[in-house]
S.K.: 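Got a structure for you, questions after.
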Amino acid sequence: MNASPTPNDTPAPEDPGALVAARRAKLADLRTTLGVEPYGRRVDGLVAAAAARSSFDEAAHAAYEASQAARKADPAAPVDDRRPRARIAGRVMQHRDLGKLVFFWLRDSSGDLQVSVSKANVSEAEFQLAKMLDYGDLVTAEGPVGRTNKGETCIWASSCELSAKSLAPPPGKWHGLEDPEIRYRKRYVDMYSNPETVRVFEQRSRIVSLVRRFMESRSYLEVETPMMQPIAGGAAARPFVTKHNALGMQLFLRIAPELYLKRLMVGGMRQVFEINRNFRNEGVDRSHNPEFTAMEAYQAFGDYMTMLEMVESLVHHVACAVAGCPEGGDGPVLPFGQLQIDYRKPFERVRYEELFARAFGFDMRDEAKVRAWAKEHHVEKAATLDHWLLVNELFEEKAEALIDPARPTFVLDYPSAISPLTRPNRKQPEIAERWDLFIAGMEIGPAYTELNDPDIQLAKFTEQLAGADDEESTFRTLDEDFVESLRVGMPPAGGMGMGIDRLVMLLTNSESIRDVILFPLMRPQ
RNA sequence: GAUUGCGUAGCUCAGCCGGUAGAGCAAGCGGCUUUUAACCGCUAGGUCCUGGGUUCGAAUCCCAGCGCAAUCACCA
């Protein structure tokens with residue numbers, strides 16, 4: 001049991017500052033003076049602000065205005081009001097009190113719409129409420145959709161009602177909320193203050209949906225495999241550790257679903273995919289969050305080129321849908337920061353060793369030259385590192401930079417030594433049938449021809465474990481059951497992985513992964 | 001984990017060559033039936049991130065810590 005907090009060292013639950021006090025005073029006033037319940041009730045028949053705006057009828061508006069003008073000359077003249085009516089709900093974003101006329105804007109996820117409240121058109125209590133509203137309050141309003149003299153489309157309120165009093169001081173109405181720290185910590189404020197934030201997450205939802213539908217259209221079956229695993233396999237990342245109390249067992253949050261999805265192919269599922277969270281206990285930067293969403297897909301009797309065609313079509317298809325370009329067309333060019341990324345098919349393809357040779361001027365198999373270059377350029381562990389690990393160090397240092405960031409590029413045929421789950425090429429066993437897709441300098445995902453020979457797989461695992469240092473070996477364990485599943489027999493297969501967050505970053509022009517994750521990990525405070 | 005930068009009113013920011021804090025918006029009071037960052041008058045609003053140090057005096061200079069950002073490292 002923790003010590004119970006004492007009143008003295010417990011921070012106040014909210015800022016008791018003057019801004020909050022003023023709102024609390026209004027809250028009390030609403031109840032006592034106006035008899036208004038500040039936390040609302042069910043409201044039926046709501047339409048989106050954007051829909052209300054577009055329901056504006058020019059002819060009906062003109063007829064109404066004309067009949068009102070006529071009544072000025074002759075009060076007995078009939079009112080011609082055929083204006084459409086609408087009921088909307090939203091957050092007060094602007095508020096102007098002109099005495100006997102009050103204007104405010106309501107913002108919902110579809111946009112902003114002005115509500116105009118004339119003292120003549122509503123009850124006294126409603127009018128006083130309209131005058132008292134604060135930025136951030138949640139309000140519903142109902143009335144005819146018309147226009148003001150200044151041409152602003154609005155709802156001329158017949159009634160308005162408070163749905164929730166906002167007690168928190170809102171961000172400024174002009175600059176909104178810009179501080180990235182508060183935007184991430186208080187996403188709920190960011191979302192109403194910066195409508196483009198909501199747009200990004202709507203796009204994210206749509207992109208994920210497009211990916212799912214694409215996969216389903218190609219007969220892949222969506223599955224869910226364990227997020228808590230007794231052995232964290234399928235990638236070489238540091239896992240998060242947790243514990244099951246009743247069973248007294250250590251569990252890891254998964255770093256990848258790979259080894260489970262492959263078991264499904266052993267079981268007879270031909271095409272599977274999973275879109276879900278992976279957890280990696282690593283650093284945080286613009287393209288890494290400790291929990292991130294990935295898709296993995298496997299196709300029995302395919303290979304890495306099956307996956308290449310699939311991923312190329314998938315990315316192209318989704319980019320097309322996001323850009324709104326015709327399906328049969330060339331394909332879109334979408335901005336990402338300073339880049340204009342050209343998603344036209346076919347994507348670039350370049351062999352790993354070719355890129356290496358272009359960057360260094362010698363063959364990656366030339367151990368002497370590789371080691372000499374590494375020594376000369378002071379690559380860490382140049383003397384002790386295995387040749388192929390060194391090759392990959394050099395590749396990442398200099399060759400990846402040669403990839404055109406404005407063109408999606410498949411780098412094909414990685415060294416086998418750095419690809420333990422990949423089938424080596426039959427003619428050149430030092431090469432693995434694996435590619436990585438790069439866009440805008442980011443690794444979007446790899447694909448393999450999956451290794452289905454249990455003896456080679458076991459040898460690779462064992463070798464990998466032998467090379468692990470003390471820290472690694474605390475969480476790396478041989479997944480014997482996975483090897484056993486390969487002994488049962490896994491069909492030859494192609495498999496792929498893709499970072500969904502990074503794909504969303506690219507397609508929404510968001511340069512930080514935190515802008516595409518609703519609640520990115522933050523240090524407490 | 002390292003380096004650099006930033007942290008001042010609810011928000012967006014100025015002040016930072018040391019002399020005890022300012023603007024716009026937001027807030028409060030008053031006025032206005034067509035506003036568009038409404039306008040006009042008045043008022044109030046701050047542990048200058050935290051803790052030390054230097055100094056007669058620190059938002060300002062120095063040190064440490066915390067948070068955020070960028071870059072790097074880690075991420076087969």
S.K.: At under 4.0 Å between heavy atoms, what does A:A120 touch on the DNA or RNA strands: base, sugar-phosphate, or nothing?
M.R.: base
S.K.: Counting the atoms with a prime plus P, OP1 and OP2 as sugar-phosphate, which does A:Y414 contact under 4.0 Å by heavy atoms, base, sugar-phosphate, or nothing?
M.R.: nothing
S.K.: Side chain of A:K26, heavy atoms from C-beta onward: which of B:U12, B:A76, B:G28 has the nearest atom to it?
M.R.: B:G28
S.K.: Thinking salt bridges, do A:R238 and A:E282 make one under a 4.0 Å N-O criterion?
M.R.: yes
S.K.: Where the side chain of A:L101 is concerned, which of B:A37, B:C75, B:U33 is the nearest nucleotide?
M.R.: B:U33
S.K.: Nearest of B:U33, B:A69, B:G10 to any side-chain atom of A:P169?
M.R.: B:G10
S.K.: May I ask you to verify whether the side chain of A:S116 and the base of B:U33 hold a donor-acceptor pair under 3.5 Å?
M.R.: no
S.K.: With sugar-phosphate meaning primed atoms plus P, OP1 and OP2, does A:D285 contact a base, only sugar-phosphate, or nothing at under 4.0 Å between heavy atoms?
M.R.: base
S.K.: Would the base of B:C75 count as contacting A:H288 through its side chain, where contact means a donor and an acceptor less than 3.5 Å apart?
M.R.: yes
S.K.: B:C68, B:C32, B:A76: which one has an atom nearest the side-chain heavy atoms of A:L98?
M.R.: B:C32
S.K.: With sugar-phosphate meaning primed atoms plus P, OP1 and OP2, does A:I182 contact a base, only sugar-phosphate, or nothing at under 4.0 Å between heavy atoms?
M.R.: sugar-phosphate
S.K.: Base, sugar-phosphate or nothing for A:R514? Non-hydrogen atoms, less than 4.0 Å.
M.R.: sugar-phosphate
S.K.: Indicate yes or no: does A:R365 engage A:E353 in a salt bridge with an N to O separation below 4.0 Å.
M.R.: yes
S.K.: Taking any heavy-atom pair under 4.0 Å as a contact, classify A:R23: base, sugar-phosphate, or nothing.
M.R.: nothing
S.K.: Mark yes or no for a side-chain to base donor-acceptor pair under 3.5 Å between A:E181 and B:A69, with no hydrogen or angle criteria applied.
M.R.: no
S.K.: May I ask you to say what A:R147 touches in the nucleic acid, namely base, sugar-phosphate or nothing, with a heavy-atom cut-off under 4.0 Å?
M.R.: nothing
S.K.: Among the candidates B:U34, B:G10, B:U33, find the nucleotide nearest to the side-chain atoms of A:S118.
M.R.: B:U33
S.K.: Have a look at A:R185 and say if it touches a base, only the backbone sugar-phosphate, or nothing, with a 4.0 Å heavy-atom cut-off.
M.R.: sugar-phosphate
S.K.: Between B:G15 and B:U34, how far is it from one P atom to the other, in whole Å?
M.R.: 41 Å
S.K.: Any chance you could measure A:L27, atom CG, to A:M132, atom CE, to the nearest 0.5 Å?
M.R.: 9.0 Å
S.K.: Using a heavy-atom cut-off of 4.0 Å across all strands, would you classify A:W388 as base, sugar-phosphate, or nothing?
M.R.: nothing
S.K.: Work out how far the P atom of B:U60 is from that of B:U8, and round it to whole angstrom.
M.R.: 13 Å
S.K.: Need to verify one output field. Residue with the more 5' nearest nucleotide on RNA chain B, A:G283 or A:G99?
M.R.: A:G99
S.K.: Do the ring planes of A:F279 and A:F240 sit parallel (below 30°), tilted (30 to 60°) or perpendicular (above 60°)?
M.R.: perpendicular
S.K.: Out of B:U36, B:G1, B:U12, which nucleotide sits closest to the side chain of A:R523?
M.R.: B:G1
S.K.: Do any N or O atoms from the side chain of A:T409 and from the backbone of A:P405 form a donor-acceptor pair under 3.5 angstrom?
M.R.: no
S.K.: Identify whether any heavy atom of A:D179 sits under 4.0 Å from a base atom; if not, whether one sits that close to sugar-phosphate; answer base, sugar-phosphate or nothing.
M.R.: sugar-phosphate
S.K.: According to the Watson-Crick and G-U wobble definitions, with both distances under 3.5 Å, which nucleotide is paired to B:U20?
M.R.: none
S.K.: What nucleotide, of B:U34, B:A26, B:U71, holds the atom closest to the side chain of A:R286?
M.R.: B:U71
S.K.: Is A:S510 reaching over with its side chain to a backbone N or O of A:D515, donor-acceptor style, under 3.5 angstrom?
M.R.: no
S.K.: Scan A:E178 against the nucleic acid and name what it touches under 4.0 Å (heavy atoms): base, sugar-phosphate only, or nothing.
M.R.: sugar-phosphate
S.K.: For the side chain of A:D97, starting at C-beta, report the closest nucleotide among B:A76, B:U36, B:C32.
M.R.: B:C32
S.K.: Across the strands shown, which category fits A:Q94 at heavy-atom distances under 4.0 angstrom: base, sugar-phosphate, nothing?
M.R.: sugar-phosphate
S.K.: In plain terms, say whether A:R280 and A:E291 are close enough for a salt bridge, that is, a side-chain N and a carboxylate O under 4.0 Å apart.
M.R.: no
S.K.: Just call it for A:Y135: base, sugar-phosphate, or nothing, with non-hydrogen atoms closer than 4.0 Å on any strand.
M.R.: sugar-phosphate
S.K.: Classify A:P446 by what it touches in the nucleic acid, base, sugar-phosphate, or nothing, heavy-atom distance under 4.0 Å.
M.R.: nothing
